[in-house]
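Notes to accompany the following structure.
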Amino acid sequence: MSQTKEYTFQDVAEHNTKKDCFLVVHDKVYDCSKFIDEHPPVLPSGGEEVILDVAGQDASEAFEDVGHSDEARETLDELLVGTLKRAPGDPAPKAAPAAKTANSGNADSTGLGIGLYGIVLIGGVLGYFGYQYLQTQQKQQSA
Ligand code: HEM
């Protein structure tokens, strides 16, 4: 089978059974039909279940989340049948939420920035009144 064949998302989605199982990882299309029985058991659902869960879909996130070994990636290479030709309206790559997480991380750090600014401001105000208080005390003592 040619490894440069292009599949649309609809093409891939048709291969969603145990005997005929395609999945997409990082815009590459893999035929897992032969491998599905060989996947190591995953509790509680089982090895083939995890693959069937993402059959005919973009499995990039599921695959990466597990932290598969280099050996697993080599196995994946052997199953390559082509590349994904994305079209407008296709489901977004599953890896996209990672970018969102990065953004919310930025938002968090902005929040922390404002928080720190507040602390510095309160520190300044307290320092000012503390200084005033000491001045008054000193004046009272010298009077
Ligand atoms: C064709 C795609 C896949 C291949 C070639 C593959 C291959 C492997 C291999 C070789 C292992 C053994 C550990 C390692 O070497 O990293 C493994 C473990 C595992 N895989 Fe996959 N995998 C695939 C897809 C998936 C998907 C889509 C999931 C979904 C979550 C998944 C979940 C897991 C889990 C949870 C383990 C750990 C099992 C354990 O040791 O407890 N895999 N996989």
Side-chain angles (χ1 to χ4, degrees), residues 1-140:
M1 212 179 286
S2 160
Q3 299 212 335
T4 50
K5 187 166 176 196
E6 284 201 322
Y7 294 87
T8 64
F9 217 94
Q10 277 72 25
D11 295 334
V12 175
E14 283 167 18
H15 304 264
N16 62 353
T17 63
K18 190 183 165 190
K19 286 201 169 124
D20 179 14
C21 167
F22 279 17
L23 50 81
V24 173
V25 177
H26 302 312
D27 285 11
K28 287 191 176 147
V29 181
Y30 300 94
D31 180 352
C32 302
S33 319
K34 293 200 181 78
F35 175 74
I36 195 160
D37 281 328
E38 290 170 34
H39 191 276
V42 178
L43 292 171
S45 44
E48 65 175 66
E49 290 304 320
V50 288
I51 301 214
L52 274 176
D53 250 14
V54 288
Q57 302 165 48
D58 189 329
S60 309
E61 195 184 23
F63 188 83
E64 293 302 346
D65 275 359
V66 174
H68 279 100
S69 65
D70 289 345
E71 196 190 320
R73 283 162 206 279
E74 278 165 26
T75 312
L76 199 58
D77 278 348
E78 288 164 20
L79 307 174
L80 185 72
V81 287
T83 53
L84 182 69
K85 195 175 170 217
R86 287 199 178 273
D90 278 352
K94 287 264 176 84
K100 272 188 198 157
T101 315
N103 281 343
S104 63
N106 285 346
D108 280 348
S109 63
T110 314
L112 182 70
I114 291 169
L116 277 177
Y117 186 70
I119 289 168
V120 169
L121 202 70
I122 291 167
V125 171
L126 285 177
Y128 174 77
F129 284 111
Y131 179 74
Q132 294 284 325
Y133 176 75
L134 282 177
Q135 292 273 313
T136 325
Q137 292 284 78
Q138 271 173 6
K139 270 187 201 155
Q140 277 174 2

To check you understand the geometry: which heavy-atom pair defines the closest contact between [X] and [Y], and what is its length?
X	Y	value
V54	A62	CG1-CB, 4.1 Å
V29	L84	CG2-N, 3.8 Å
R86	D58	NH2-OD2, 3.0 Å

Atom [atom1] of [X] and atom [atom2] of [Y]: how far apart are they, to the nearest 0.5 Å?
X	Y	atom1	atom2	value
F129	L134	CZ	CG	13.5 Å
T83	Y7	OG1	OH	9.5 Å
L23	N16	CG	CG	11.5 Å
I36	C21	CD1	SG	4.5 Å
S45	D53	OG	CG	6.5 Å
C32	H15	SG	NE2	12.0 Å

Residues [X], [Y]: salt bridge by 4.0 Å N-O rule:
X	Y	value
K5	D11	no
K85	D27	no
E64	R73	yes

- Non-hydrogen side-chain atoms of L76 and F35 separated by less than 4.5 Å: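 L76 vs F35: side chains apart.
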- Do V42 and E49 have side-chain heavy atoms sitting under 4.5 Å apart?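 With C-beta onward as the side chain, the pair stays apart.
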- When you measure from the side chain of H39 to the backbone N and O of E48, does any donor-acceptor pair fall under 3.5 Å?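 Absent.
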- Judged by atom type as modelled, is there a donor-acceptor pair below 3.5 Å linking the side chain of D20 to the main-chain atoms of T17?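 Side chain of D20 to backbone of T17: no pair is present.
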- Is the gap between the ring centers of F22 and Y30 under 6.0 Å?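 F22 vs Y30: aromatic centres not under 6.0 Å.
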- Counting heavy atoms not belonging to Q137, are there more than 12 under 6.0 Å from its CD?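 More than 12 heavy atoms, drawn from other residues, nucleotides or ligands, come within 6.0 Å of this atom.
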- Task: Decide yes or no on side-chain contact (heavy atoms from CB on, under 4.5 Å) for L79 and K34, but give the supporting numbers first.
- Result: CA-CA 9 Å; L79 307 174; K34 293 200 181 78; 5.6 Å; no
